[in-house]
There are 2 protein chains.
Amino acid sequence: MELLKQRILKDGMELGTQIVKVDSFLNHQLDIGLFMALGKELHRRFGHLGINKILTIESSGIGIAAITAIYFDLVPVVFAKKSHPTTMTEEYYGAPVKSFTKGTVSIARVAKKYLNENDKVLIIDDFLAHGEAAAGLASLVEQAGGTVCAIAAIIEKEFQGGSRKLRDAGYYVDSLAVITKIKNGQIYFKESSD
Amino acid sequence: MELLKQRILKDGMELGTQIVKVDSFLNHQLDIGLFMALGKELHRRFGHLGINKILTIESSGIGIAAITAIYFDLVPVVFAKKSHPTTMTEEYYGAPVKSFTKGTVSIARVAKKYLNENDKVLIIDDFLAHGEAAAGLASLVEQAGGTVCAIAAIIEKEFQGGSRKLRDAGYYVDSLAVITKIKNGQIYFKESSD
């Protein structure tokens with residue numbers, strides 16, 4: 001998605017060769033006009049799949065998932081929690097998720113009543129790096145007997161191998177901007193037909 | 001807001017006398033159609049204040065803040081972080097925030113570049129209970145020299161005293177549904193002129 005690539009080049013900041021920081025528009029300060037363009041593009045790519053639920057994980061995926069639901073006829077959005085609030089009193093599905101940037105492992109949890117066997121789920125996350133979060137979310141859907149229709153990332157760091165692992169596991173994965181390399185302060189994108 | 005009160009009565013669940021659980025539509029599964037109605041109502045109440053930024057705190061406030069920004073001419077949304085990600089490498093404003101439901105204290109952080117003295121901020125949170133989160137967010141805005149135009153909660157539990165404390169401190173506080181009491185499995189609301 002050209003608009004997104006240009007924005008990453010303009011406002012993204014690379015930290016070394018592994019991390020690109022996009023907190024001015026994606027995951028600390030949020031550019032909602034951009035999010036609407038991203039949601040529309042996600043619908044263009046995944047709108048034919050009969051999706052009836054969007055699943056993401058706190059915190060950075062929530063804003064994009066919420067805006068994207070507008071373009072998917074207001075399907076419910078569910079976000080997996082990384083902590084265990086005292087208000088989550090019922091049974092839940094859980095899957096371990098390692099955070100690449102925080103260096104921690106947490107359990108992604110969704111209360112059982114919010115996932116079921118009729119769900120046709122679009123998984124959305126802001127970043128796809130090693131694929132840990134997406135794999136954990138896919139596990140939650142499958143524990144409930146639902147279907148993972150697609151895994152969508154806003155920004156994919158292809159060189160960290162997550163998308164390959166997920167495709168090898170049989171998932172349909174597509175990302176709006178695919179970074180192939182970060183080197184000498186330069187961000188390189190995969191060419192796409194957009 | 002009558003629509004919201006009716007939804008709380010229909011789908012909310014009281015846990016004892018202190019907690020009302022609304023995770024089927026507000027803070028685990030998200031009803032985006034409802035969020036659009038909430039965003040529109042927030043604009044009706046606060047649209048005249050010249051607001052140019054919306055501030056919330058992860059995680060539950062993010063979805064509502066993102067949708068609400070659509071009705072405020074796409075002003076930037078900033079969410080305070082409760083952890084300290086390795087990607088937050090610059091200076092930040094911080095304020096301690098106690099979570100009522102989780103029983104923990106964390107530091108709400110916003111990178112300094114996302115708050116400044118020209119900001120006229122609407123603070124949004126899903127719940128207003130003891131007012132800890134809202135007071136912390138207000139402190140962040142003021143550390144930056146900005147103005148807190150209003151504090152908006154979707155659901156206020158008036159009996160926990162947060163709104164009174166915040167009003168005593170001089171803030172303009174308004175909530176879309178105000179719960180005065182939870183007793184014998186019944187939720188009581190404050191009458192409003194809506």
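Labels below follow one simple rule: chain letters A, B, ... track the order of the sequence lines, proteins then strands, and each chain is numbered from 1.
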Inset, instruction - Using a cut-off of under 4.5 Å on heavy-atom pairs, state which of Gly33(B), Ser59(B), Gly63(B), Ser60(B) scores highest against chain A. - result: Ser59(B)

Inset, instruction - Give a yes or no on whether a salt bridge exists between Glu58(A) and Lys82(B), defined as a side-chain N under 4.0 angstrom from a carboxylate O. - result: no

Inset, instruction - Return the option, out of Lys113(A), Met36(A), Lys21(A), with the maximum number of heavy-atom pairs under 4.5 Å with chain B. - result: Lys21(A)

Inset, instruction - Could you tell me which of Leu15(B), Leu30(B), Val78(B) has the largest number of non-hydrogen atom pairs under 4.5 Å with chain A? - result: Leu30(B)

Inset, instruction - Determine whether Gln29(A) and Val110(B) make a side-chain contact, defined as any pair of heavy atoms from C-beta on separated by less than 4.5 Å. - result: no

Inset, instruction - Select one option (side chain, backbone, both, neither) describing which atoms of Phe35(A) are under 4.5 Å from chain B's heavy atoms. - result: neither

Inset, instruction - Examine Leu49(A) and Tyr171(A) and state if one hydrophobic cluster contains both, with Ile, Leu, Val, Met, Phe, Trp and Tyr joined whenever side-chain heavy atoms are less than 4.5 Å apart. - result: no

Inset, instruction - Please indicate whether Arg164(B) has more than 12 foreign heavy atoms, meaning atoms of other residues, nucleotides or ligands, lying under 6.0 Å from its CZ. - result: no

Inset, instruction - Find out whether Ile67(B) and Ile32(A) are in side-chain contact, i.e. whether some heavy atom of one side chain is under 4.5 Å from a heavy atom of the other. - result: no

Inset, instruction - Look only at the side chain of His28(A) and the backbone of Ala80(B), and say whether a donor-acceptor pair between them is shorter than 3.5 Å. - result: no

Inset, instruction - Indicate yes or no for a side-chain donor-acceptor contact from Tyr114(A) to the backbone of Ser24(B) under 3.5 Å, with no hydrogens or angles considered. - result: yes

Legend entry - Segment of Asp23(A) engaging chain B (4.5 angstrom heavy-atom cut-off): both

Legend entry - Student check: side-chain heavy atoms of Pro76(B) and Asp31(A) closer than 4.5 Å: no

Inset, instruction - Just jot down the ring pair (Phe, Tyr, Trp, His ring centres under 6.0 Å) partners of Phe72(B), sequence neighbours excluded, or say none. - result: His43(B)

Inset, instruction - Under the ring pair (Phe, Tyr, Trp, His ring centres under 6.0 Å) rule, collect the residues that match up with Phe159(A), sequence neighbours excluded. - result: none

Legend entry - Side chains of Met13(A) and Glu90(B) in contact at under 4.5 Å (non-hydrogen atoms): no

Inset, instruction - Select one option (side chain, backbone, both, neither) describing which atoms of Ala65(B) are under 4.5 Å from chain A's heavy atoms. - result: neither

